[in-house]
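Below: the structure, in structure tokens.
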Amino acid sequence: MSTPYMSRRDVLLQGSLAVAGLALLRMPGLAEAFSIQPGEDVLRWLDQPAPNPVPDVIGNQLQWEALDNWITPNDEFFTIAHYDKPVLDAATWRLQIGGLVQQPMVLTLDDIKGRSRQEVTFTLECSGNNGLPFFWGGIGNANWAGTPLAPLLQQAGVLEQGIEVVFFGSDSGVEDVRDIKMPQHMARSMALADALDPHILLCYEMNGEPLPQSHGFPLRLIAPGWYGIANTKWLQRIEVFPTRYQNRFMARDYVTIREQVVDGQSVWTETSVGRARLKSAPAKVTRDGGRYRIVGAAWGAPIAQVQVQIDGGPWLPATIDEGEDAEFAWKLWSLTWANPVTGEHTITSRAIDTEGRVQPAQDDPWITGKHTYWESNGQVTRRVRVA
Ligand SMILES: Nc1nc2c(c(=O)[nH]1)N[C@H]1C(S)=C(S)[C@@H](COP(=O)(O)O)O[C@H]1N2
Ligand SMILES: [Mo]
């Protein structure tokens, strides 16, 4: 079976490289090295995403060349909405917790804000990002604040038969399955054990402001380490089920179909999109006089190294910005590009996690055997012209 792992020899090689490079390449306080310096220009990538044919669904994509901050400001953070975009009144809004619990609950926003407060800086990426020619900017990094979900579930008292927690949004649309038309609310679920992860928040604040309407006001789920789809916005009801939940967003869309060759035979799998995957991308090339830099981001797993390949040449180690250390947030990285020759160049990055796994190349069977666009974590190549 093919995996995006390195060969043993590569792991050993990278391992010694990592040890040797650790002191040199992981310096604190490089946030300045990432942001634009006075007198520095950003080169526009020659390749640009296609026009967005679904502006009602996908909004406000990240402009990679404009990326200048570890935190993505709220008004620059991408949005996804599959159904309507409810405008909710915080005064009348309620959160219900029900299903297989001893003590069903109805909570106001003040009830939730009155509970213990917890924050997390989490890079939220849509699992469709880089899977479609018009969708490369489905990612952002924010500081999210709310109250942890687990103590609330414990307080409600999940009954023994409860195995699944379903998160319903207020937004709704009509689903058409087997000629049955069903008006449904957006919903995503998690196994109970996953939902009890102490990092998961009922979130009411984004970057120090009340959650904006487009990001799920007044309350959304924040599931650090998971792809965007798990982070239900406009949260309305949390229900504990005795069975797996298999609606559109669990079992029809957001299902990755892979073909893998095992012992010479094709094995096809269909798996629901869940936890984030190791990934990186070049963000921009900057020029300051004759000095060029390549900067980018890496996320989806604990990052040990980032490497950059120029024009298909050797992989060069990038410097990781250790100024901000947050388990679920992207790492920014940069590399000085010494004396590029005039003309067109390709820039590729790959992330390596602390377990030695390498972000897969585009021709890796892990990527070529994937027949749906979700979970496109293959290496990203951009093109640039040096004048
Ligand atoms: N209620 C609801 N929650 C939702 C969605 C949605 O359409 N409705 N979209 C999901 C998807 S696919 C993603 S990628 C993230 C995007 O979060 P954002 O709009 O705050 O960036 O929200 C998720 N939560
Ligand atoms: Mo998404």
Side-chain angles (χ1 to χ4, degrees), residues 74 77-83 85-86 88 90 93-99 101 105-109 111-113 115-127 138 140-156 158 162 164-172 184-207 210-241 245 247-250 253-254 272-276 328-329:
N74 291 356
F77 206 102
F78 82 102
T79 59
I80 304 274
H82 289 287
Y83 291 151
K85 302 165 190 177
L88 302 173
W93 173 89
R94 296 287 182 275
L95 176 71
Q96 303 172 1
I97 303 181
V101 293
M105 299 169 91
V106 179
L107 298 149
T108 66
L109 190 57
D111 292 337
I112 290 165
K113 287 185 173 169
R115 298 181 64 92
S116 69
R117 182 189 164 92
Q118 190 170 304
E119 296 185 15
V120 65
T121 304
F122 164 45
T123 299
L124 191 147
E125 185 190 24
C126 179
S127 54
N141 184 46
N143 184 259
W144 312 91
T147 194
L149 171 68
L152 254 173
L153 285 176
Q154 272 145 5
Q155 197 178 325
V158 175
E164 184 98 336
V165 183
V166 188
F167 302 92
F168 291 94
S170 303
D171 49 335
S172 62
Q184 287 193 344
H185 284 278
M186 159 77 189
R188 269 283 298 197
S189 67
M190 271 186 190
L192 178 62
D194 288 334
L196 290 174
D197 179 332
H199 297 105
I200 295 183
L201 299 183
L202 298 177
C203 163
Y204 46 77
E205 247 179 59
M206 178 177 183
N207 292 330
L211 197 59
Q213 187 272 336
S214 59
H215 296 287
F217 180 87
L219 194 77
R220 76 176 304 172
L221 197 70
I222 282 293
W226 291 67
Y227 273 118
I229 187 66
N231 298 261
T232 307
K233 304 193 281 188
W234 306 295
L235 205 57
Q236 183 181 51
R237 180 168 170 80
I238 300 174
E239 185 161 339
V240 179
F241 269 60
Y245 192 75
N247 72 338
R248 167 178 163 196
F249 300 103
M250 291 302 292
D253 286 355
Y254 294 92
S272 190
V273 167
R275 291 181 197 274
F328 299 105

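When side chains are defined from C-beta on, F78 counts as touching C126, because their heavy atoms get closer than 4.5 Å. The closest side-chain heavy-atom distance from M186 to I229 is below 4.5 Å. The side-chain heavy atoms of L219 and L211, taken from C-beta on, include no pair separated by under 4.5 Å. Side-chain atoms of H215 and T79, non-hydrogen and from C-beta on, do get closer than 4.5 Å to each other. Between M250 and R188, some side-chain heavy-atom pair lies under the 4.5 Å cut-off. Side-chain contact between L107 and R94 is absent, with no heavy atoms from C-beta onward closer than 4.5 Å.
Considering R237, E239, Q236 as possible partners of Q96, the one that fulfils the side chain to side chain donor-acceptor pair (under 3.5 Å) test is R237. A side-chain contact (heavy atoms from CB on, under 4.5 Å) with I238 is found for one member of V101, L149, V166 and no other, namely L149.
A donor-acceptor pair is defined here as one N or O able to donate and one able to accept, closer than 3.5 Å; such a pair exists between the side chain of H185 and the backbone of G169. Under the 3.5 Å distance criterion, the side-chain polar atoms of N207 are matched with a main-chain donor or acceptor of N143. Put simply, the side chain of Q213 gets close to the backbone of P86: a donor and an acceptor are under 3.5 Å apart.
Heavy atoms only, all atoms of each residue included: P224 and I222 are closest at CD-O, 3.2 Å. Considering all non-hydrogen atoms of both residues, A230 and L221 come closest at O-CD2, 3.4 Å. Of all the heavy atoms in F77 and A142, the pair that sits closest is CE1-CB, 3.9 Å. Minimum heavy-atom separation, N247 to A187: ND2-O, 2.9 Å. Contact record, G146 with L201: N-CD1, 4.0 Å, taken as the closest heavy-atom pair. Counting all heavy atoms, side chain and backbone alike, T147 lies closest to S116 at OG1-O, 2.7 Å.
Note that CG of D194 is 7.0 Å distant from CD1 of I200, once rounded to the nearest 0.5 Å. Once rounded to the nearest 0.5 Å, the distance linking CD of E119 with SG of C203 reads 10.0 Å. To the nearest 0.5 angstrom, D253 atom CG is 10.5 Å from S272 atom OG. If you take CD1 on I112 and CG on L95, they are separated by 4.5 Å, rounding to the nearest 0.5 Å. Between the CD1 atom in I97 and the CG atom in L152 there is a gap of 4.5 Å [rounded to 0.5 Å].
Screening residues 216-235 for side-chain hydrogen bond (donor to acceptor under 3.5 Å, both in side chains), with sequence neighbours left out, gives no hits.
For A90, the side chain to side chain contact (heavy atoms under 4.5 Å, CB included) criterion is met by L109, F217, not counting sequence neighbours.
Aromatic ring pairs are classed by plane angle as parallel below 30°, tilted from 30° to 60° and perpendicular above 60°; the pair H82 and F249 is tilted.
Between H199 and F122, the ring centre distance reaches or exceeds 6.0 Å.
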